[in-house]
Amino acid sequence: MAIPYNKRTHMNGELRKEHEGQEVILVGWAQNYRDLGGMAFIDIRDYTGITQVKFNPQTDPESHKLAGTIRREDVIAVRGNVILRGENVNPKLPTGEIEIAGHELDLLSKADTPPFEVSDDIDAGEDSRLKYRVVDLRRPKMQKLMRLRHRLAKASRDYFDEQGFVEIETPVLGKSTPEGARDYLVPSRVYPGQFFALPQSPQLYKQMLMMAGYDRYCQIVRCFRDEDLRADRQPEFTQIDLEMAFVQVEDVISCVEGAVQRMFKEGIGVDVQIPFKRMTYKEAMDRFGIDRPDMRFGLELQDITAVCEKTDFKIFKEAIASGGVVKCIVVKGGGTMTRKETDGLTEELKGIGAGGMPVTKVVEGDGGKPELSTGVAKFLQPVCDDLLAATGAEAGDLIVCMPGTYADVCKYLHFVRTRLAEMLDLIPEDEWNLMWVVDFPMFEWDEEEKRYCSLHHPFTAPRDEDIPLLDTDPGKALSKAYDLTLNGIELGGGSIRIHQAKVQSKIFELLGLSAEEAHDKFEFLLDALRFGAPPHGGLALGFDRIVMMLGKCLSLRDVIAFPKTQRAVCPLTNAPGDVAEAQLEELGIDLRPEVKARKNA
RNA sequence: GGGGACGUAGCUCAAUUGGUUAGAGUCCCGGACUGUCGAUCCGGUGGUUGCGAGUUCGAAUCUCGUCGUCCUCGCCA
C-alpha cells in the first residue's frame, strides 16, 4: 500500500531524540545515498533540513532493494520509526542524533541527474544556475534568502499597517511619461498604434491618492525600467512605495527609519540605531565624490586646487585654468603599494574614461624632512610643504591626484576610493552604515540637450527659501529630496512633492516642457492639484536591494526568484520571444524591415 | 554604444604558453562492502575545446568575425 504523502508527520529538519520510537512519514528529495551493500542510507531533504533514513535488507528487503535505486533529487516518501543513532551521531546535522529505520519507501518521482548538486558549497556558473533555476532554488542558501525576503516584506507591511498606512494597488498599465528611464511598452489592441507603459514607479498615482484623501499609502509594488542592467539593477524590480499627506521632510524620514529598523530586527536580528546619520549632497560630493558614499572607510577626497595652482604641472594648470579642480586621496601607509598595483588601477581608471592617475609617494628625505618620490613627484616637489600641510600626508603615504572638471574628478576619485578600499581590505564586515543624503539640487544642467533636468523627478518640491531661485538661478535651488544609503548603496529615495499647481507648472517650464506638452502628459496631475491637494511627500525603498544587503549578497539575482540576465532576458523561459504574426496584425504592428532581416538572419 | 574578464566532459577546472590519442575531481553507469553521513575500494561511459572563417606542417592555445555569461562606463527623472 502506498504511503500517504499528503499525511507527512514531520518536516525533515524537525526530528530530535525526544521523538524516539515514533512512527513517522517523511517526504522530500533524496539529497544523497550511501549503499553499503548490507545496509543503505538515504538523506531526505526539504527546506527545513535533512534526515537520514536507514534501510535494512533483513527486516525490510523490498524497501532496501528500492532504496538501492534512489538517486539524487528523486522525490520520495518514507514511513519508518525514529531511532537513536547511539555511537553514530552526526554532529554536523541538527537531526544527527536520530535516524529513521525505514520500513516503507515510495518513489514519487524519478529525477534526471541534476546539472549541479543541491548544496551551498557549489560553484556552478550563473548560466546553469539560472537555466536550471528550479534546482538552484532548492539550495538551502536560496531557500533562506527567499524566506528572508518574505520576512522583510511582512515586517514592512506590519509596520506600515500599524502606522495607519493603507495598501492600495496602482495600475500596471499606465501612460508613458517624458523624462526618466525608458519605458517598457505594451501595445493596445483596442487602440492600435497606442501603447501603455509599465510603471517606472507609481509616483503620480500615489500623489493622487494623497490628493484623494487616503492620508497614508504604501504598496509593495513591481516597477519596470528598460535600461541596461547591473549587479544591483534589474529591469523589473520591487519597491516599498509610500506616501504621506500633511508632512514635512522630518516626518517621512523618521517614519521610514522606523520601518528600516523593524526590517533589520525581524529580518536578521540586528538592532540599528535611529535616527540615521545625515549628510548634505554637497558634503557627500565634496568629501566622497558620490551622492551615496560608503562611510565604512576613510580615503576622503581633499581639494588641493589652491596648492596645485602654484605648480608648473601642465595638466594641473590646464584643468584649473578651464574652471576645474585638482583633488586627491591620501592613502595612509600606501607607500608600500607596488608600481604594478597603481598601474593596474590606472588602467581600470582609463577604462571609465580618465586620462590617467597622477600619483606620488611621501618619503623620509635627508634630515628626516618628508619629500615626494616617484610618479609626479618632480612637479609637486616645489609645493611639497604646502601639499603636506593641506592634506596631512606624511612619510609612508601615497597621494593619488586627479585634475579635471568637478564632475569628472568626483567620478574618478570615487572609483579610486572604492577600489583602493577593496585592494587594501579597508571595508569592515558586519557594519551597517545607514545614512540620509539631503539637500539635493533641484536640477542638473544637461550639456547635450542644453536644458535643466530634474535630479530626482519633476514633482519634487524646492526648499521654501529657494523658490525665488527658480526665477533667478535654478541651478542653485535645492530640493526637499532625500536618499537613504547603506554602505554606499542607494536603498531608496523620496521627497516632499509640489502641492501647488502653479509651482508644478513652473517646474515643467524650467524643464523645457511646453505648456501644451505639460497639459498633454500631465493634465490629470495638474487637475488633481487644482481640486485641493494637501502638502505631501513620500519615498520608495528598493526592496530587492534591501534583501540583497541584509542577505549579504553581491547580486540582485540572488534575491529574486526568477531574475533577468545582464542582457535583460530570462534564461529559464527564454523571454522575451517572438509572437505570432496574427498577434502583431491584430495590434497593427509591422516590424521594421531591418528588424525582420536581423531576425531571419 | 564603449571598456574589461571569461567560454574545454552533465558540473567545477587543468593542459608545461603552437607539438603525440585534450586530462583531473565530481556526477553518472557496473561491481564489492552491515554504520555510512564529502562513504570507501575496483572498473567503465562521457569531448563539434561556444560557433564560423583564417594563419600554420600542426590550433583548446595565435588573428578576425559571431554568439553567450559576468563586471563596468554611458544610461538608470
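The basis for the numbers below is simple: all heavy atoms, side chains too, and nothing from hydrogens, waters or symmetry mates. Each chain gets a letter, A, B and so on, in the order the sequences are listed, and its residues count up from 1.
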Engineer: Tell me whether F116(A) is stacked on the nucleobase of rC11(B), counting only the six-membered base ring and applying the 5.5 Å and 30° thresholds.
Structural biologist: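 Here the ring of F116(A) and the base of rC11(B) are not stacked, as the 5.5 Å and 30° limits are not both satisfied.
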Engineer: Is there a Watson-Crick or G-U wobble partner for rG68(B) with both distances under 3.5 Å, and if so, which one is it?
Structural biologist: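 Partner of rG68(B): rC6(B).
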Engineer: Could you tell me how far rU66(B) sits from rC73(B) if I compare only their C1' atoms? Round to whole Å.
Structural biologist: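 Pairwise C1' distance, rC73(B) against rU66(B), rounds to 24 Å.
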Engineer: For a side chain to side chain contact (heavy atoms under 4.5 Å, CB included) with R545(A), tell me which candidate from R233(A), Q239(A), Q234(A) qualifies.
Structural biologist: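 Output: one option passes, namely R233(A).
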Engineer: How is E117(A) classified with respect to the nucleic acid when contacts are heavy atoms under 4.0 Å: base, sugar-phosphate, or nothing?
Structural biologist: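 No contact.
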Engineer: Between R557(A) and rC71(B), does any side-chain N or O lie under 4.0 Å from OP1 or OP2?
Structural biologist: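 Indeed, a polar side-chain atom of R557(A) lies that close.
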Engineer: Separation of Q566(A) atom CD from rG3(B) atom P, in whole Å?
Structural biologist: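 Whole-Å distance recorded here is 15 Å.
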Engineer: Could you check whether D127(A) gets within reach of a base, just the sugar-phosphate, or nothing at all, counting any heavy atom under 4.0 Å?
Structural biologist: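 Sugar-phosphate contact only - D127(A) comes under 4.0 Å of backbone atoms but never of a base.
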Engineer: Once you apply the 3.5 Å cut-off to both distances, tell me the Watson-Crick or G-U wobble partner of rG18(B), or none.
Structural biologist: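 No nucleotide pairs with rG18(B).
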Engineer: Taking atom P in both rA15(B) and rG74(B), what distance in whole Å separates the two?
Structural biologist: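 Between the two P atoms, the distance is 36 Å.
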Engineer: Would you mind reading off the distance between L229(A) atom CG and rC76(B) atom P, rounded to a whole angstrom?
Structural biologist: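 Whole-Å distance recorded here is 15 Å.
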Engineer: Does N90(A) make a side-chain N or O approach to OP1 or OP2 of rU36(B) shorter than 4.0 Å?
Structural biologist: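 No, N90(A) has no side-chain N/O under 4.0 Å of OP1/OP2 on rU36(B).
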Engineer: For L36(A), answer base if it contacts any base atom (sugar-phosphate contacts may also be present), sugar-phosphate if it contacts only those atoms, and nothing otherwise; contact means non-hydrogen atoms under 4.0 Å.
Structural biologist: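 Base contact - L36(A) has a heavy atom under 4.0 Å of at least one base atom.
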Engineer: Ignoring hydrogens and angles, tell me if any N or O in the side chain of T51(A) forms a donor-acceptor pair with the backbone of N12(A) under 3.5 Å.
Structural biologist: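 Pair found, side chain donor or acceptor close to backbone of N12(A).
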Engineer: Using a 4.0 Å heavy-atom cut-off, does I50(A) contact any base of the nucleic acid, only the sugar-phosphate backbone, or nothing at all?
Structural biologist: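 If one applies the 4.0 Å heavy-atom cut-off, I50(A) turns out to touch nothing in the nucleic acid.
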Engineer: Please indicate whether D473(A) has more than 12 foreign heavy atoms, meaning atoms of other residues, nucleotides or ligands, lying under 6.0 Å from its CG.
Structural biologist: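 Check passes, neighbour count above 12.
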Engineer: Is any side-chain N or O of T113(A) closer than 4.0 Å to OP1 or OP2 of rG10(B)?
Structural biologist: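 Checking T113(A) against rG10(B): no side-chain N or O falls below 4.0 Å of OP1 or OP2.
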Engineer: Considering Watson-Crick and G-U wobble pairs with both distances under 3.5 Å, what does rC62(B) pair with?
Structural biologist: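 WC or wobble partner is rG54(B).
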Engineer: Are R72(A) and rC27(B) close enough that a side-chain N or O sits under 4.0 Å from OP1 or OP2?
Structural biologist: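 The answer is yes; a side-chain N or O of R72(A) sits under 4.0 Å from OP1 or OP2.
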Engineer: Checking contacts here: which listed nucleotide (rG35(B), rC76(B), rA39(B)) is nearest the side-chain heavy atoms of R233(A)?
Structural biologist: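 For R233(A), the side-chain atoms sit closest to rC76(B).
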Engineer: Is rU66(B) syn or is it anti, if syn means the base angle is within 90 degrees of 0?
Structural biologist: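 That one's anti.
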Engineer: Do side-chain atoms of R16(A) reach the backbone of E97(A) as a donor and acceptor pair under 3.5 angstrom?
Structural biologist: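 Judged by distance alone, no pair lies under 3.5 Å.
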Engineer: Any ion pair linking E490(A) and R292(A) (charged N to carboxylate O, less than 4.0 Å)?
Structural biologist: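 Judged by the 4.0 Å cut-off on N to carboxylate O distance, R292(A) and E490(A) do not form a salt bridge.
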Engineer: Touch check for G86(A), heavy atoms < 4.0 angstrom, all strands: base, sugar-phosphate only, or nothing?
Structural biologist: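 The answer is nothing, as G86(A) stays clear of every strand by at least 4.0 Å.
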Engineer: What does V569(A) touch in the nucleic acid at a heavy-atom separation under 4.0 angstrom: a base, only the sugar-phosphate, or nothing?
Structural biologist: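 Sugar-phosphate contact only - V569(A) comes under 4.0 Å of backbone atoms but never of a base.
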Engineer: Under 4.0 Å from OP1 or OP2 of rC37(B): is there any side-chain N or O of K54(A) that close?
Structural biologist: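 The answer is no; no side-chain N or O of K54(A) sits under 4.0 Å from OP1 or OP2.
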Engineer: Rounded to the nearest 0.5 Å, how far does CE of M442(A) lie from SG of C453(A)?
Structural biologist: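 With rounding to 0.5 Å, SG (C453(A)) is 12.5 Å from CE (M442(A)).
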Engineer: What's the gap between rC67(B) and rC28(B) when it is taken at their P atoms, as a whole Å value?
Structural biologist: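 These two P atoms come out 37 Å apart once rounded.
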Engineer: Using the side chain to side chain contact (heavy atoms under 4.5 Å, CB included) definition, which of the options D241(A), V221(A), L242(A) pairs with K206(A)?
Structural biologist: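 With K206(A) as partner, D241(A), V221(A), L242(A) yield a single side chain to side chain contact (heavy atoms under 4.5 Å, CB included), made by D241(A).
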Engineer: In whole Å, measure the gap between the P atoms of rC29(B) and rG10(B) for me.
Structural biologist: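 Here rC29(B) and rG10(B) have their P atoms 15 Å from each other.
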Engineer: What does R85(A) touch in the nucleic acid at a heavy-atom separation under 4.0 angstrom: a base, only the sugar-phosphate, or nothing?
Structural biologist: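 Touches a base.
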Engineer: Applying a 4.0 Å non-hydrogen cut-off, can you work out what D226(A) is touching in the nucleic acid: base, sugar-phosphate, or nothing?
Structural biologist: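 It contacts nothing in the nucleic acid.
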Engineer: Report yes if at least one side-chain N or O of R129(A) is closer than 4.0 Å to OP1 or OP2 of rU69(B); otherwise report no.
Structural biologist: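 Checking rU69(B) against R129(A), no side-chain N or O comes under 4.0 Å of OP1 or OP2.
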Engineer: Is there a donor and acceptor pair closer than 3.5 Å between the side chain of R225(A) and the base of rC76(B)?
Structural biologist: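 Counting by modelled atom types and ignoring angles, no donor-acceptor contact under 3.5 Å is found here.
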Engineer: Any side-chain N or O of R71(A) less than 4.0 Å from the OP1 or OP2 oxygen of rC27(B)?
Structural biologist: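 No.
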Engineer: Which of these nucleotides, rU36(B), rC11(B), rU69(B), is closest to any side-chain atom of E126(A)?
Structural biologist: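 Output: rU69(B).
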Engineer: Provide, to the nearest angstrom, the distance between the CG atom belonging to L554(A) and the P atom belonging to rC70(B).
Structural biologist: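 Interatomic distance, CG of L554(A) to P of rC70(B): 15 Å.
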Engineer: For Q58(A), answer base if it contacts any base atom (sugar-phosphate contacts may also be present), sugar-phosphate if it contacts only those atoms, and nothing otherwise; contact means non-hydrogen atoms under 4.0 Å.
Structural biologist: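 Base: the residue Q58(A), judged by heavy atoms under 4.0 Å, touches a nucleobase.
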Engineer: Rounded to the Å, how far apart are I352(A) CD1 and rC75(B) C1'?
Structural biologist: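 I352(A) atom CD1 is separated from rC75(B) atom C1' by 15 Å.
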Engineer: For rG23(B) and rU49(B), measure between their P atoms and round to the nearest Å.
Structural biologist: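 Here rG23(B) and rU49(B) have their P atoms 14 Å from each other.
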Engineer: Using a cut-off of 4.0 Å on non-hydrogen atoms, how would the nucleic acid contact of K350(A) be classed: base, sugar-phosphate, or nothing?
Structural biologist: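 The residue K350(A) makes no contact with any strand.
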Engineer: With rounding to the closest Å, how many angstrom separate the P atoms on rC70(B) and rC64(B)?
Structural biologist: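 Between the two P atoms, the distance is 24 Å.
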Engineer: If you measure from the C1' atom in rA22(B) to the same atom in rA60(B), how many Å do you get, rounded?
Structural biologist: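 Nearest-Å result for rA22(B) against rA60(B) at atom C1': 8 Å.
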Engineer: Over all strands shown, is R230(A) touching base, sugar-phosphate only, or nothing at heavy-atom distances under 4.0 angstrom?
Structural biologist: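 Base: the residue R230(A), judged by heavy atoms under 4.0 Å, touches a nucleobase.
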Engineer: Please determine, for rU45(B), whether a Watson-Crick or G-U wobble partner exists with both distances under 3.5 Å, and give it or none.
Structural biologist: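 Its partner is none (no Watson-Crick or G-U wobble pair with both distances under 3.5 Å).
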Engineer: Please report, rounded to the nearest Å, how far the C1' atom of rG74(B) is from the CG atom of D408(A).
Structural biologist: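 After rounding, the reported distance stands at 13 Å.
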Engineer: Can you tell me, in whole Å, how much space there is between the C1' of rC27(B) and that of rG35(B)?
Structural biologist: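 Straight-line distance between the two C1' atoms is 24 Å.
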Engineer: Side chain of E227(A) only, please: which of rC75(B), rC27(B), rG10(B) is the nearest?
Structural biologist: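 Out of rC75(B), rC27(B), rG10(B), the nucleotide with an atom closest to E227(A)'s side chain is rC75(B).
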Engineer: From the options F440(A), Y482(A), W436(A), select the one residue that forms a ring-ring contact (aromatic ring centres under 6.0 Å, His included) with Y281(A).
Structural biologist: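 Going through the options one by one, the only one that passes is F440(A).
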Engineer: Quick one: H64(A) NE2 to rG35(B) P, roughly how many Å, whole number?
Structural biologist: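 It is 12 Å, rounded to the nearest whole Å.
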Engineer: Check the angle between the aromatic planes of F443(A) and Y452(A) and answer parallel, tilted or perpendicular using the 30° and 60° thresholds.
Structural biologist: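 Plane angle between 30° and 60°, so tilted.
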